[in-house]
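Each chain gets a letter, A, B and so on, in the order its sequence line appears, and its residues count up from 1.
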Number of protein chains: 2
Amino acid sequence: MKTKKYEELRLHYKIWFTDDNDKGILGDGKYKILKAIDESGSLMSACENLGITYRRTWNDLKSIEKQLGFPLLEKTRGGADGGSTILTPEGKKLIRAFDDFHEKMDEIMQYHFALLKQQLLSDE
Amino acid sequence: MKTKKYEELRLHYKIWFTDDNDKGILGDGKYKILKAIDESGSLMSACENLGITYRRTWNDLKSIEKQLGFPLLEKTRGGADGGSTILTPEGKKLIRAFDDFHEKMDEIMQYHFALLKQQLLSDE
DNA sequence: ATGCGTTATGTTGATTTTTTCATATCGAAT
DNA sequence: ATTCGATATGAAAAAATCAACATAACGCAT
């Protein structure tokens with residue numbers, strides 16, 4: 001009964017960065033957007049890929065850059081292809097750092113979570 | 001400019017457990033409630049201590065036990081002191097495991113976050 | 001039997017978040 | 001100059017979350 005429940009347990013986590021007033025800057029959600037933009041080259045296609053609304057995503061991006069105070073994106077409007085959005089070098093650097101961090105955390109978390117399950121399943 | 005922003009960066013994170021359908025079971029919020037109940041011996045005083053509403057907390061607790069399928073709490077009503085809520089041994093075990101996990105993660109996260117900051121502050 | 005403090009639960013109203021819709025702007029290509 | 005596909009932005013509608021209030025049940029003490 002209870003042991004079965006514990007074995008089915010899954011771990012989830014979210015990380016986010018804030019400024020020194022704990023006001024959010026960048027988290028998992030916004031990171032995903034930036035990554036999708038980097039891969040697709042435009043905001044619109046990034047939104048379609050992720051299944052999220054353009055309107056909301058646009059707000060999110062605006063808030064990131066407002067918080068950080070320097071641009072992560074380079075946007076163009078008009079032209080043959082309608083426009084584009086790509087990451088600045090600083091933007092790429094940021095998502096790479098975030099990526100690396102996540103990779104490490106995934107590994108460490110799952111390892112310790114396995115230990116926790118054992119702790120729960122043991123009879124004391 | 002940008003480097004200053006990075007130095008001011010703070011890390012936050014949340015962890016939570018779900019069942020195998022990713023339906024939430026226990027997270028930081030509910031963990032805090034359980035811990036406060038353990039320390040105070042009643043739901044009401046736990047809520048006052050945490051500054052959260054009784055009504056909402058009661059709903060949260062109900063959902064935990066519904067998800068887990070076995071009780072974490074032992075409640076009594078009436079009597080000289082009006083009633084009480086205490087953790088079952090299984091409940092105590094769970095919050096202890098969560099506690100241990102959090103402690104480890106806090107340490108590991110902060111360590112790797114420091115590395116990430118260095119990565120961001122370095123010029124490439 | 002009345003009072004007291006706590007658990008238990010419904011309901012309603014407020015607040016916040018998220019979606020949806022509508023519209024404007026831009027610039028290359030035709 | 002018109003079309004096209006993308007960015008840019010406002011505003012309203014809808015949904016989800018949260019807070020507040022009211023009320024009942026319970027059982028020991030007096």
Testing the basics here: between A:Cys47 and A:Tyr54, what is the closest heavy-atom pair and its distance to 0.1 Å? SG-CA, 3.7 Å
Between atom CD1 in A:Ile86 and atom P in D:dT7, what is the gap in whole Å? 12 Å
What's the shortest heavy-atom distance between A:Ile25 and A:Asp19, and which atoms? CD1-N, 3.6 Å
Looking at C:dT25, does its base get a donor-acceptor pair with the side chain of A:Arg77 below 3.5 Å? yes
Quick one: do B:Arg10 and A:Asp20 make a salt bridge, cutoff under 4.0 Å? no
Separation of C:dT9 atom P from B:Arg56 atom CZ, nearest Å, is 18 Å
Identify the heavy atoms of A:Ile95 and A:Asp38 that sit nearest to each other, and give their distance. CD1-OD2, 4.0 Å
Would you mind classifying the nucleic acid contact of A:Gly82 as base, sugar-phosphate or nothing, using non-hydrogen atoms under 4.0 angstrom? base
Phosphate contact (D:dA6 OP1 or OP2) by A:Ser42 side-chain N/O below 4.0 Å: no
Sugar-phosphate only, base, or nothing, as touched by B:Gly78 at under 4.0 Å among non-hydrogen atoms: base
Using whole Å, what does the distance between atom P of nucleotide D:dA6 and atom CG of A:Leu43 come to? 11 Å
Under 4.0 Å from OP1 or OP2 of C:dT6: is there any side-chain N or O of B:Lys75 that close? no
Can you tell me the distance, in whole Å, between the CE atom of A:Met44 and the C1' atom of D:dT9? 14 Å
Need one value for B:Thr85: base, sugar-phosphate or nothing, where a base atom within 4.0 Å counts as base even if backbone is also close, heavy atoms only. sugar-phosphate
In whole angstrom, give the distance that lies between atom OH of A:Tyr54 and atom C1' of D:dG10. 14 Å
Within this structure, what is the CD-to-C1' distance between B:Glu48 and D:dA19, rounded to whole angstrom? 16 Å
Quickly work out the B:Leu61 CG to C:dA8 P distance and round it to whole Å. 9 Å
NZ of B:Lys66 versus C1' of C:dT9: gap in Å, rounded? 16 Å
Hey, which of these two, B:Ala80 or A:Asp81, hits DNA chain D nearer its 5' end, going by closest nucleotide? A:Asp81
Angle between ring planes, B:Phe98 versus B:Phe17, binned at 30° and 60°: parallel, tilted or perpendicular? perpendicular
